[in-house]
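We number each residue from 1, following the sequence as shown. Remember, it's 1-based here, ligands and their atoms both numbered in the order they're listed.
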Amino acid sequence: MLADMRQLPQSVKDLRPSGPLQVPFRGPKLLERPLLNKDTAFDDGERNVFGLRGLLPPRTSTIEEQVSLELEHIRRKGDDLERYIGLAALQDRNETLFYRVLLENLEEFLPIVYTPTVGRACQSFSHIMRRPRGLWITPADIDRVPELLRNARVDSTGAAADMGDVRLIVATDNERILGLGDQGAGGMGIPVGKLSLYTAGAGIYPAHTLPVSLDVGTDNEELLADPLYIGYRERRLRGPQYDDFIEAFVVAIKDVYPNALLQWEDFKQHNAIRILDRYRHRLTSFNDDIQGTGAVVLAGVLAAVRAIGRPLAEQRFVFLGAGAAGTGIARTVRAAMVAQGVDAATIGRAIVTADTNGLVFSGRDNLDDDKREFALRAEALAHYGLGALNASDRLSLEAIVAAVKPTVLIGTSGVAGAFTEAAIREMAAHVERPVVFPLSNPTAKTEAIPSDILAWTGGRALIATGSPFEDVVVDGRNHVFGQANNVFIFPGMGLGAIVAEAREITDEMFLLAAETLASMVSEERLAAGALYPAVSELREVSRQIAAKVVCQSRDCGVGRLYRDGEIIEAVDSAIWFPTYLPYSPSV
Ligand code: NAD
């Protein structure tokens, strides 16, 4: 599998270290560098050469033994937040071991290093943070953003064996952290966690990553009132000053890290869409909440279409919830239909959205600008027998389902129980295999519990969820619920963009990522109802998505010109597996 590195460009060969490493640190200084530290795995020779003798207990351990010990420590803790703190401490001490533990136990620790536990960590961030990680940029720094970005890279000794050029940045302004709203400086937990998943999921070497908190203040009263709050203690920057701040950040990235991919993360809906659209052609960037969500949900739909044997063009969608996630998914579904040659009128009828005020349609009262894009027009309303609606009419989900007869129902409302028994039974009355995705997180907010949906549809529904759910046995048959987790998309997208040195992330890349993911659901899983691969298959999924992204970057003229035969080789050569390399002292 390993590439013949002579063929590949130097910039790709440099994406992960290969031994032996030239290391300029000795003694306690070496033990303090998380990317170089091996703890008790330093062997006899290294202990002599690097002045470590006596600083470590006498026994030399293997990384496998260290993993067993770490699992003992973490599993002994009685609470997930404590496990989060324990894992963060390990990451701060020995990053190779942290990633080995994470990679080998992804299913167990994904919900700790990321949602849902990371949400609790963000809420209490000021009180649990042990060692700062990443970069905080505040409005007071607006004239020195490049300097701050450089600080993140340059080692104080000037020697930088474990440092790399930053190739991947995840930045948040902390305003919509998961479903928890404005978390101020505590939002840093999200870029840190997300980048850990990039490394675990796609092998992006940690030294190439940079988590950024655009700490523009907070309107969270609780945080402002906390005397120990660690963030920028001002009300949120808004309006033109906010825009200037984002502009200064983007300009500085182009200046300091011109090869970096930027992922916008957890911005509030309006800013999320605006910033994505403003910068996506100026800077290699994407928004995971919008585009990653769109792609992962489309993948689930495509897997369902595979199971049912009816094409995407024949599906009718009802979206309950027309926010950032709903809009992102609807945009991606529309793009997939356009790519398949479906005509505009059919698409206009096939995508139906609903919000707190019921069906979203042209001319309705209380219609936000963001929602007009998918408002049902007169022709479609007439098609569904809804031509007589008044501007003030609020159609319930049951009424919408009865009129539209959707084949796919997607929930991004954040409202527990919003998929009522009546609505699901109504849907099942018209469709052989109803496709039902209750996507709202956390578990307590899911629109319907999978076992209920199965009961209301006589076991016929194909279900994907936002949060993980246990398998259910109905009439002796085991049903598996795939999780529509963005982690199946963004690590591969990032890896592909980095290897391709892509100048832009295109919509086609997300469509290809969705198709690739859908094609990787095994027949066995599909037969059991699972519309996504198992999390344990994540690295292979990311590898395949990355290869498609590299190929697409080349074909649409935004990335490096690899030959076909070089692509998977280039991707493989960039994937880091957490293992200790031999060291030799640098002179
Ligand atoms: P958002 O606040 O931008 O949007 C929520 C939308 O739901 C709004 O349009 C609102 O009008 C609508 N809504 C609220 N109550 C409703 C009701 N009773 N009936 C109908 N519509 C209602 O939030 P978002 O970022 O779009 O996220 C929404 C949910 O989707 C969250 O719970 C989030 O966890 C989940 N989500 C899941 C995934 C995934 O599974 N991969 C990805 C992203 C978001």
Counting only heavy atoms not in Q241, do more than 12 fall under 6.0 Å of its CD?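 Counting neighbours around CD of Q241, 12 or fewer heavy atoms of other residues, nucleotides or ligands fall under 6.0 Å, so no.
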Can you tell me if Q340 has over 12 outside heavy atoms packed within less than 6.0 Å of its CD?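 Counting neighbours around CD of Q340, more than 12 heavy atoms of other residues, nucleotides or ligands fall under 6.0 Å, so yes.
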Closest protein heavy atom to [atom], given as residue, atom name and distance to 0.1 Å:
atom	value
atom 28 (C) of ligand 1	T412 O, 3.2 Å
atom 33 (C) of ligand 1	N441 N, 4.0 Å
atom 9 (O) of ligand 1	A322 N, 3.0 Å
atom 25 (O) of ligand 1	R176 NH1, 2.6 Å
atom 40 (O) of ligand 1	A484 O, 3.2 Å
atom 43 (C) of ligand 1	T293 OG1, 3.5 Å
atom 35 (C) of ligand 1	L439 O, 3.6 Å
atom 26 (O) of ligand 1	A325 N, 2.9 Å

Check K268 with D289, please: is the shortest side-chain N to carboxylate O separation under 4.0 Å?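 Salt bridge between D289 and K268, a charged N being under 4.0 Å from a carboxylate O: no.
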Identify whether the distance between the nearest side-chain nitrogen and carboxylate oxygen of R120 and D80 falls below 4.0 Å.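 Answer for the salt bridge query: no.
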Any idea which atoms of ligand 1 are less than 4.0 Å away from a heavy-atom of Q269?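 Counting atoms of ligand 1 from 1, those under 4.0 Å from Q269 are 3 (O).
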Sub-4.0 Å protein heavy atom near atom 3 (O) of ligand 1: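 True for atom 3 (O) of ligand 1.
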Look at atom 18 (N) of ligand 1 and say whether a protein heavy atom is found at less than 4.0 angstrom from it.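 Yes; the ligand atom in question has protein heavy-atom contact below 4.0 Å.
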Should one rank G181, G321, S467, P438 by closest heavy-atom distance to atom 12 (C) of ligand 1, which comes out on top?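 Of the listed residues, G321 has the closest heavy atom.
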In this structure, does ligand 1 have an atom that sits under 4.0 Å from one of the heavy atoms of [X]?
X	answer
K445	no
N486	yes
A418	no

Counterpart residues, side chain to side chain contact (heavy atoms under 4.5 Å, CB included), relative to E107 (two or more places apart):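 Side chain to side chain contact (heavy atoms under 4.5 Å, CB included) list for E107, sorted by chain: V535, S536.
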Between F481 and H479, how do the two ring planes meet: parallel, tilted or perpendicular, split at 30° and 60°?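 The rings of F481 and H479 lie parallel, inter-plane angle below 30°.
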Does the plane of the ring in W264 sit parallel, tilted or perpendicular to the ring in F249? Use 30° and 60° as the thresholds.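 The arrangement is perpendicular - the two ring planes meet at more than 60°.
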Mind running salt bridge (Lys or Arg N to Asp or Glu O under 4.0 Å) on D288 and K194 for me, showing each step along the way? CA-CA 10 Å; D288 183 56; K194 206 122 198 185; 2.6 Å; yes
Quiz question: by atom type and distance under 3.5 Å, do the side chains of Q315 and T407 form a donor-acceptor pair?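 Looking only at side-chain atoms, T407 and Q315 do form a donor-acceptor pair, the distance falling under 3.5 Å.
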If you look only at pairs with a residue in residues 488-499, which of them pass as a salt bridge (Lys or Arg N to Asp or Glu O under 4.0 Å), with sequence neighbours excluded?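 Of all non-adjacent pairs touching residues 488-499, none passes salt bridge (Lys or Arg N to Asp or Glu O under 4.0 Å).
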Any N or O of [X] closer than 3.5 Å to N or O of ligand 1:
X	value
G323	yes
G466	no
V296	no

Could you please spell out the steps behind the side-chain hydrogen bond (donor to acceptor under 3.5 Å, both in side chains) verdict for E247 and Y242? CA-CA 9 Å; E247 175 72 16; Y242 174 88; over 6 Å; no
F510 ring center near F286 ring center (under 6.0 Å):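 Yes - the distance between ring centres of F510 and F286 falls below the 6.0 Å cut-off.
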Counting only heavy atoms, which portion of D355 has something under 4.0 Å from ligand 1: side chain, backbone, both, or neither?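 Both backbone and side chain.
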Heavy atom under 4.0 Å from ligand 1: found in K371's side chain, backbone, both, or neither?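 Side chain only.
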